[in-house]
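Along the sequence shown, the residues carry numbers beginning at 1.
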Amino acid sequence: MEAHPLRATDTNNEGQPTATTVTHGHGSAQDRTLDRKTWSLFLKVSLLVIGTWGASAMLLVLLVDDFSKSGTFGDSFGVLNTLFSGLAFAGIIVTVKMQNDEMREQRKELQKQKKAAQLYHRERMFLMLLDEFKKSRERRFSIADVRLVLRECLYDVPTLNARSAEAGQTLVKEVDGVLVGTVAETPLLPIFGRRIQRHERCEVFIKTFRQAAESASKIDPLNPTEYYDIVCNSMSDAEEALLFMCAVARSGVQTLSDPQIAKLRESYDEIRSKL
């Protein structure tokens with residue numbers, strides 16, 4: 001099986017994961033859109049102020065016949081003060097709007113940087129766990145290796161012989177019975193579930209698999225199977241079948257509700273007759 005390439009990380013010459021440089025920026029079209037909105041707001045406020053000033057000037061002309069009777073001549077220019085004050089107020093509104101837009105864009109940029117940093121950290125942890133998982137056995141298990149593990153875990157069960165080739169098939173029948181709900185008793189599964197956790201060849205293998213699988217599901221919550229496929233691609237069919245039987249021994253038929261465990265069943269169904 002071919003390995004699935006990682007999306008957001010790369011490796012250097014020493015094999016250490018490095019983050020792919022991600023650049024974030026705003027396109028010129030977006031900048032022009034924001035500028036148009038800002039100037040549009042400024043023009044609207046300015047027109048409102050000018051309209052108010054013009055209306056007040058017209059009312060002053062229509063209602064006052066003799067300006068000398070209504071106050072000193074300088075007071076008649078108070079309407080101009082209103083205009084300039086209004087325009088200054090409009091400028092303040094536009095300035096506040098521009099600052100608010102900049103702060104909003106800065107928050108978005110910080111969120112993008114935070115997500116990129118989290119993704120890098122998660123992928124780095126995933127690569128470390130995947131490396132540990134690959135080192136958990138000298139080589140990938142073959143079907144013969146899995147058959148040997150099954151016999152070693154079940155060898156002293158009274159109903160089975162230590163060298164009997166029926167050990168694996170008897171356990172497979174119990175697993176199949178659990179999955180379809182037809183077997184009331186499963187004497188081998190509990191024994192297998194306990195002993196496989198302490199088996200010298202499987203203890204670290206099972207532990208590191210669970211860690212890598214859990215890490216893979218956290219990298220991209222929207223697509224939790226993509227990185228998990230990388231874990232599966234690093235295993236043989238026999239290893240996936242062994243892990244599936246471990247899951248059934250631990251959780252029974254409930255394992256089928258877990259998409260990660262359900263994926264392991266594909267390999268189990270392919271080689272179950274050879275175990």
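- In this structure, the side chain of Gln211 does not engage the main chain of Leu130 through any donor-acceptor pair within 3.5 Å.
- In this structure, CG in Asp145 is found 4.5 Å from CZ in Arg201, a value given to the nearest 0.5 Å.
- Annotation: ring pair (Phe, Tyr, Trp, His ring centres under 6.0 Å) contacts involving residues 240-275, sequence neighbours excluded, comprise Phe244-Tyr268.
- Legend: residues meeting side-chain hydrogen bond (donor to acceptor under 3.5 Å, both in side chains) with Lys135, ordered by chain and number and at least two apart, are Asp131.
- The hydrophobic cluster containing Leu189 also contains Ile191, counting ILVMFWY residues as joined when their side-chain heavy atoms lie under 4.5 angstrom apart, directly or transitively.
- Atoms NZ and CZ, from Lys114 and Arg107 in turn, are 14.0 Å apart once rounded to the nearest 0.5 Å.
- Remark: Phe205 pairs with Phe133, Phe141 by the ring pair (Phe, Tyr, Trp, His ring centres under 6.0 Å) rule, at least two apart or across chains.
- Atom CD of Glu270 has more than 12 neighbouring heavy atoms from other residues, nucleotides or ligands inside a 6.0 Å radius.
- For the pair Arg147 (side chain) and Lys274 (backbone), a donor-acceptor distance under 3.5 Å is present.
- For Leu243 against Met235, the heavy-atom pair with the smallest separation is CD1-SD, 3.4 Å.
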Please tabulate, for side-chain N and O atoms in residues 254-261, each donor-acceptor pair with protein atoms closer than 3.5 Å (sequence neighbours left out).
{"from": "Thr255", "atom 1": "OG1", "to": "Gly252", "atom 2": "O", "distance (Å)": "2.9"}
{"from": "Ser257", "atom 1": "OG", "to": "Gln254", "atom 2": "O", "distance (Å)": "2.6"}
{"from": "Asp258", "atom 1": "OD1", "to": "Gln260", "atom 2": "N", "distance (Å)": "3.0"}
{"from": "Gln260", "atom 1": "NE2", "to": "Ala213", "atom 2": "O", "distance (Å)": "3.2"}

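- For the salt bridge (charged side-chain N to carboxylate O under 4.0 Å, His left out) with Glu239, the qualifying choice from Arg140, Arg137, Arg139 is Arg137, the only one to do so.
- Listed by first and then second residue, the salt bridge (Lys or Arg N to Asp or Glu O under 4.0 Å) pairs that reach into residues 203-212 come to none, sequence neighbours excluded.
- A salt bridge (Lys or Arg N to Asp or Glu O under 4.0 Å) check over residues 86-97, counting only residues at least two apart or in different chains, returns the pairs Lys97-Asp101.
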